[in-house]
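Single-structure report; data block below.
Small disclaimer: the values here were computed from a predicted structure and weren't measured. Note that ligands are numbered from 1 as they come in the structure, with each ligand's atoms numbered from 1 the same way.
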Amino acid sequence: MPEAKPKPSKDFIRAIIDEDLRTNKYEGRVHTRFPPEPNGYLHIGHAKSICLNFGIAEEYGGLCNLRFDDTNPSKEDVEYVQSIMEDVRWLGYDWGDRLYYASDYFEQLYQYAIELIRKGKAYVCDLSPEEIREYRGTLTQPGKESPYRNRSVEENLDLFQRMRAGEFPDGSRTLRAKIDMASPNLNMRDPVIYRILRVPHHRTGDKWCIYPMYDFTHCLSDSIERITHSLCTLEFEDHRPLYDWFLDQLGVYHPQQIEFARLNLSHTVMSKRMLGQLVEEGHVRGWDDPRMPTIAGLRRRGYTPEAIRTFCERIGLAKRDSMVDIALLEHCVREDLNKRAPRIMGVLHPLRVVIDNYPEDQVEELEAINNPEDPSMGTRKVPFSRVLYIERDDFREDPPKKFFRLAPGREVRLRYAYFITCVDVIKDENTGEVVELRCTYDPATRGGDAPDGRKVRGTLHWVSAAHALPVEVRLYDHLFLKPNPTDVKEGKTFKDYLNPESLVVLNPCYVEPSLAEAKPGDIFQFERVGYFCVDPVDSRPSAPVFNRTATLRDTWAKIQKREAKNQ
Ligand code: ATP
Ligand code: MG
């Protein structure tokens with residue numbers, strides 16, 4: 001039985017929608033959209049927006065469109081379009097037949113621009129980009145009107161048509177909205193709505209040499225698609241008057257823009273520009289590097305859609321920006337994997353153990369439980385023999401006080417197997433490094449319990465050396481050492497805070513032989529060690545490469561405890 005969870009109180013966006021439904025504002029419709037620009041891979045911040053937009057549509061029996069906001073051909077690419085669709089689907093959402101591209105509206109947008117010109121609300125401006133910036137003024141100083149601002153409608157229509165026809169060089173002219181150069185809101189100071197740019201577009205080819213700007217395109221695309229609630233992040237709050245202005249001037253269907261705080265996550269960066277830089281400069285192995293906060297990276301790392309959706313639900317919605325500790329995301333991943341990942345035994349830092357009194361040629365198949373959280377996942381057989389590997393960390397020649405694992409003369413349990421006692425320590429003659437332990441086992445303790453009731457305090461995982469599968473394991477840690485790497489000191493860049501140990505490769509590690517059959521993407525809990533997933537890119541048949549998805553240490557629980565104490 002799933003636990004009955006109390007329904008979380010409604011966030012401010014759902015409260016607005018409830019009210020709009022009550023007043024029948026959009027004839028009872030709820031229609032949202034997720035509008036990525038195809039200029040990079042989606043990241044966990046986008047997942048928040050996806051869960052919100054598609055989630056709301058689901059909850060209210062409404063619709064959610066996927067719309068590519070593709071108005072900037074110099075940075076966009078079909079590779080990104082493909083990856084975005086894959087990521088949205090993988091998160092578990094479906095846009096049905098509502099896949100749109102802002103570029104499909106180019107003709108319509110052009111007609112809207114003509115209409116603005118006709119209404120005396122837009123003009124062709126010959127100022128250069130630098131001059132436009134100069135004329136714009138600042139937060140404390142009003143802007144200056146362009147000398148081209150009062151061109152006649154006829155002249156504007158003529159020039160704009162010729163801009164489209166390709167008569168003028170790139171950057172030489174723009175179409176601008178005629179609003180108010182003295183507005184306290186800089187976005188309202190005659191913003192550019194079209195620019196000349198001879199860059200082929202990944203969908204429209206070289207059909208256009210003028211491209212509409214984001215603010216003009218976005219509100220009108222929302223209007224064309226009859227969106228009801230246009231949910232976006234806080235940085236667009238100052239753009240809302242412009243969003244409304246275009247729609248009001250043109251007198252078209254008017255959705256409402258509502259802003260929410262973007263997700264910021266500690267120990268990583270959340271901007272496509274910065275992530276792209278990490279890829280280009282080789283700080284990571286690609287957009288899908290398991291250290292990246294991209295959906296593709298998290299998927300390759302072994303994060304599940306369910307865990308990401310739970311995370312997005314837990315962080316909730318706010319109107320003020322804040323930073324979420326990455327430990328919460330990791331906590332959600334652990335919580336999910338704990339239920340679904342089968343347990344296996346795998347040794348990351350192998351130390352050889354020889355059991356002196358175990359028959360040389362004997363092999364036993366011992367029964368092991370696949371998931372104590374879920375008996376329906378059954379059991380499996382694990383081979384046991386005379387020579388084993390255990391974790392190097394599980395032995396100390398000179399054990400400190402609370403160390404209950406193996407040490408000279410000490411007895412421990414091998415999980416699902418026997419009690420063993422360490423009787424001798426073999427060292428490398430030159431380095432003094434421990435290279436092998438000699439042990440004895442007690443045949444009466446088969447399965448892991450002593451019939452005489454004697455107890456041991458340590459239980460170790462192990463693999464049989466002759467049967468184990470050697471594999472490569474990649475350990476991942478936070479990509480950045482600093483919680484907020486975008487808070488840069490003078491003379492530094494965010495890249496100066498990269499964690500040099502964000503990837504540690506171990507090879508060979510040894511895992512149970514059954515893992516030769518593991519498939520790309522399969523996730524396991526290596527008992528006592530962590531969660532690991534079969535890398536879908538670098539694994540070969542019978543030679544899996546494992547990505548560490550998460551450790552078993554729940555730092556989030558610790559943080560919660562500390563916070564509770566401080567309150
Ligand atoms: P970035 O700043 O990473 O380049 P972006 O905002 O430019 O992101 P878009 O493709 O324009 O990326 O984003 C698509 C949608 O996702 C937008 O509605 C945007 O508001 C939302 N979004 C982007 N980043 C976040 C975030 N960190 N948290 C929540 N929503 C986000
Ligand atoms: Mg954007």
N/O to N/O below 3.5 Å, does that happen between [X] and ligand 1?
{"X": "Thr233", "result": "yes"}
{"X": "Met270", "result": "yes"}
{"X": "Asp69", "result": "no"}
{"X": "His46", "result": "yes"}
{"X": "Glu235", "result": "no"}
{"X": "Gly45", "result": "yes"}
{"X": "Arg262", "result": "yes"}

For atom 18 (O) of ligand 1, which of the options Ser271, Pro35, Pro38 provides the nearest non-hydrogen atom?
Pro35
Selection from Leu265, Leu263, Leu275, Ile315 by shortest heavy-atom distance to atom 27 (N) of ligand 1:
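Selected option, by shortest heavy-atom distance: Leu263.
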Establish, yes or no, whether the cationic atom of Arg548 lies under 6.0 Å from the six-membered ring centre of Tyr476 and within 45° of the ring axis.
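Arg548 over Tyr476 ring: no.
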Find out whether the Lys NZ or Arg CZ of Lys319 is both under 6.0 angstrom from the six-membered ring centre of Phe260 and within 45° of the ring's axis.
no
Answer yes or no: does atom NZ of Lys558 have more than 12 heavy-atom neighbours from other residues, nucleotides or ligands under 6.0 Å?
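Incorrect, the count does not exceed 12.
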For the [atom1] atom of [X] and the [atom2] atom of [Y], what is their distance to the nearest 0.5 Å?
{"X": "Gln256", "Y": "Ile17", "atom1": "CD", "atom2": "CD1", "value": "8.5 Å"}
{"X": "Leu116", "Y": "Gln249", "atom1": "CG", "atom2": "CD", "value": "7.0 Å"}
{"X": "Asn65", "Y": "His31", "atom1": "CG", "atom2": "NE2", "value": "3.5 Å"}

The residue among Trp208, Tyr211, Phe160 that forms ring pair (Phe, Tyr, Trp, His ring centres under 6.0 Å) with Tyr194 is Phe160
For His43, which part has a heavy atom under 4.0 Å from ligand 1: side chain, backbone, both, or neither?
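The answer is the side chain.
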